[in-house]
**Student:** 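Take this structure first; my questions come after.
Worth knowing before you read on, the calculation uses all heavy atoms, side chains too, and leaves out hydrogens, waters and symmetry mates. Within every chain, numbering begins at 1; the chains are lettered A, B, ... in the order of the sequence lines, protein sequences first and strands thereafter.
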2 protein chains.
Amino acid sequence: MTRRDEIIKQAGLLFSLKGYSAVSMRDIAKAVDIKAASLYNHLPSKQAILEAIVLNLANTFVNHIHDVNQNPSFSTRQKLSEIIQQHIDLSLQQPESVAVLNTEWIHLNGEALDKFKAKRFTYEQELREIIKNGIQEQSITKRDPEVILFSILSTLRTLNLWVAKRKHLTVEDLKADLETILLYGIIRQNKS
Amino acid sequence: MTRRDEIIKQAGLLFSLKGYSAVSMRDIAKAVDIKAASLYNHLPSKQAILEAIVLNLANTFVNHIHDVNQNPSFSTRQKLSEIIQQHIDLSLQQPESVAVLNTEWIHLNGEALDKFKAKRFTYEQELREIIKNGIQEQSITKRDPEVILFSILSTLRTLNLWVAKRKHLTVEDLKADLETILLYGIIRQNKS
DNA sequence: GTCTATAACCTGATAGAC
DNA sequence: GTCTATCAGGTTATAGAC
């Protein structure tokens, strides 16, 4: 890991704990045990650190859902399963980056903000397409696609806030339960 | 509306847009058209404004779920319905306060932070109880109660981010769709 | 209740020595 | 690549006039 990567990693942790604006370059410098001025030898600005974290992870998400959606061997059900898995994995592996992506992107400016918004829109479009296809082929219930989209996305996007605490479940059990809950609901149907 | 209320309202709007740390007392003062120093005639500190917003709304949520949970005439299904309705209503009526409650509480300190955390825990406990009762009486599927709890809560807590945009649906239709999706899932069952 | 002035400190970023 | 020193400006909050 280069020095630059280490700075970005520590900054991400601090941003996720206190928020971008509440973290100073001196705070970040202290976390990597150098002086604030030395940070500028590796990165041009505080903004650049935020951009690296947010755009990097946004790309990971977009690339993944694009690959899934493009794969002709996946059913609607399987596509949703892959997407849920990806969110669980990244929320467990990089909870700080997911937190920053979710809540600190507002502090991006100019071109980087535009890029982020475009990525987010693309991601939502891919998922929207999967849902609309599912409704058309009658594998998904005929409810408002936007409500389905944001209902599922809300849960997936905020997994980072609680998955780490669920240590009584294996990742496989967590995935199985979450998938059942999101796809089949929680109400037990009468079998009569 | 008193001057104090007006300050809190404008501050809440700014906090929800830019985050607590990125909003200065001068920004808040400008929004109510006075000088920053004059704010201190109505409120002791910037912290006090955040406390008022967060704790006030947290109380509203906790009081409501407590009343619902205590009502012996409600079934599990009806209790969940009432809770969903409350989240939709508050997310539409006070989207800024909901946003501040969701994301800016980290900037609370000392006693106020403890109070918030206690309220949040109480809220989750009430919902956890409803879910566990539902599982016991077999009206809710036998899945991990924590996954059910946070899956539903994630969607309800972030309604403020998208409900306002869903103008093609009436509030009643939105509620009906969200309820179906959260409680019965999205996969269309084979009726064969 | 609102103002001006100011205290005491923190902010991102740069210049230039080593 | 890291340091010290520093710039120019922003931060919350207070004192005291009106």
Side-chain angles (χ1 to χ4, degrees), chain A residues 1-56 96 100 103-113 115-116, chain B residues 1-55 96 100 103-113 116:
Chain A
M1 193 155 67
T2 68
R3 202 76 211 236
R4 184 175 177 276
D5 292 336
E6 201 193 339
I7 292 167
I8 290 172
K9 189 185 163 190
Q10 292 297 327
L13 175 60
L14 290 170
F15 290 167
S16 74
L17 291 172
K18 312 205 296 166
Y20 177 77
S21 301
V23 175
S24 69
M25 290 300 267
R26 286 165 179 81
D27 293 332
I28 298 167
K30 195 169 282 177
V32 293
D33 208 35
I34 53 174
K35 296 291 170 186
S38 307
L39 293 172
Y40 293 88
N41 217 265
H42 305 275
L43 289 146
S45 66
K46 189 184 169 188
Q47 269 282 319
I49 303 176
L50 182 63
E51 289 177 20
I53 299 169
V54 171
L55 296 181
N56 194 332
E96 309 87 8
V100 173
T103 63
E104 304 307 318
W105 62 265
I106 0 165
H107 300 106
L108 290 174
N109 288 326
E111 207 182 323
L113 180 60
K115 269 191 197 169
F116 163 78
Chain B
M1 194 154 67
T2 68
R3 202 75 212 240
R4 183 175 177 277
D5 293 335
E6 202 193 337
I7 293 167
I8 290 172
K9 188 185 162 189
Q10 292 297 327
L13 175 60
L14 290 170
F15 290 167
S16 74
L17 291 173
K18 312 205 293 166
Y20 177 78
S21 301
V23 175
S24 70
M25 290 300 266
R26 286 173 178 81
D27 293 333
I28 299 167
K30 196 168 280 176
V32 292
D33 207 34
I34 55 175
K35 296 292 170 184
S38 307
L39 293 173
Y40 293 88
N41 216 266
H42 305 276
L43 289 146
S45 66
K46 189 183 168 187
Q47 269 282 320
I49 302 177
L50 182 63
E51 289 177 20
I53 298 169
V54 171
L55 296 181
E96 309 87 8
V100 173
T103 63
E104 305 307 318
W105 62 265
I106 1 166
H107 300 107
L108 290 173
N109 288 327
E111 208 181 322
L113 180 60
F116 164 78

**Student:** Can you tell me how far C1' of C:dA13 sits from CG of A:Leu43, to the nearest Å?
**Tutor:**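 Atom CG in A:Leu43 sits about 13 Å away from atom C1' in C:dA13.
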**Student:** Starting at NZ of A:Lys18 and ending at C1' of C:dT11, how long is that distance when rounded to a whole Å?
**Tutor:** 13 Å
**Student:** Salt bridge or not for A:Lys9 and A:Glu6, using N-O below 4.0 Å?
**Tutor:**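 Salt bridge between A:Lys9 and A:Glu6, a charged N being under 4.0 Å from a carboxylate O: no.
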**Student:** Ignoring hydrogens, what is the shortest heavy-atom contact between B:Ile106 and A:Leu17? Give both atom names and the distance.
**Tutor:**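 So the two residues come closest at CG2-O, 3.6 Å.
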**Student:** Verify whether one side chain among B:Ser38 and B:Asn41 offers a donor that lies under 3.5 Å from an acceptor in the other.
**Tutor:**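 Side-chain D/A pair, B:Ser38 to B:Asn41: absent.
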**Student:** What orientation do B:Trp105 and B:Phe116 show, parallel under 30°, tilted 30 to 60°, or perpendicular over 60°?
**Tutor:**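 Parallel: the ring planes of B:Trp105 and B:Phe116 meet at under 30°.
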**Student:** Is B:His107 reaching over with its side chain to a backbone N or O of A:Lys18, donor-acceptor style, under 3.5 angstrom?
**Tutor:**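 Side chain of B:His107 to backbone of A:Lys18: a pair is present.
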**Student:** On the ring face of B:Tyr40, is B:Lys46 found with NZ or CZ under 6.0 Å from the centre and within 45° of the axis?
**Tutor:** no
**Student:** Enumerate the residues from residues 29-41 of chain B whose closest heavy atom to DNA chain D is under 4.0 Å, giving them by residue number; use none for an empty result.
**Tutor:** B:Ala37, B:Tyr40
**Student:** Step by step, would you call A:Leu55 with A:Lys115 a side chain to side chain contact (heavy atoms under 4.5 Å, CB included)?
**Tutor:** CA-CA 8 Å; A:Leu55 296 181; A:Lys115 269 191 197 169; 4.1 Å; yes
**Student:** Which distance, rounded to the nearest 0.5 Å, do you find between the CG of A:Leu113 and the CD of A:Gln47?
**Tutor:**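 So the gap between those two atoms works out to 9.0 Å.
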**Student:** Taking CZ from B:Arg4 and C1' from C:dT2, how many angstroms apart are they, rounded to a whole number?
**Tutor:**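 About 19 Å, once rounded to whole Å.
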**Student:** Using a cut-off of 4.0 Å between protein heavy atoms and nucleotide atoms, how would you tag nucleotides 6-11 of chain D 5' to 3' with B, S and -?
**Tutor:** -----B
**Student:** From NE2 of B:His42 over to C1' of D:dA13, roughly how many Å is that when rounded to an integer?
**Tutor:**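 So the NE2-C1' distance, B:His42 to D:dA13, works out to 15 Å.
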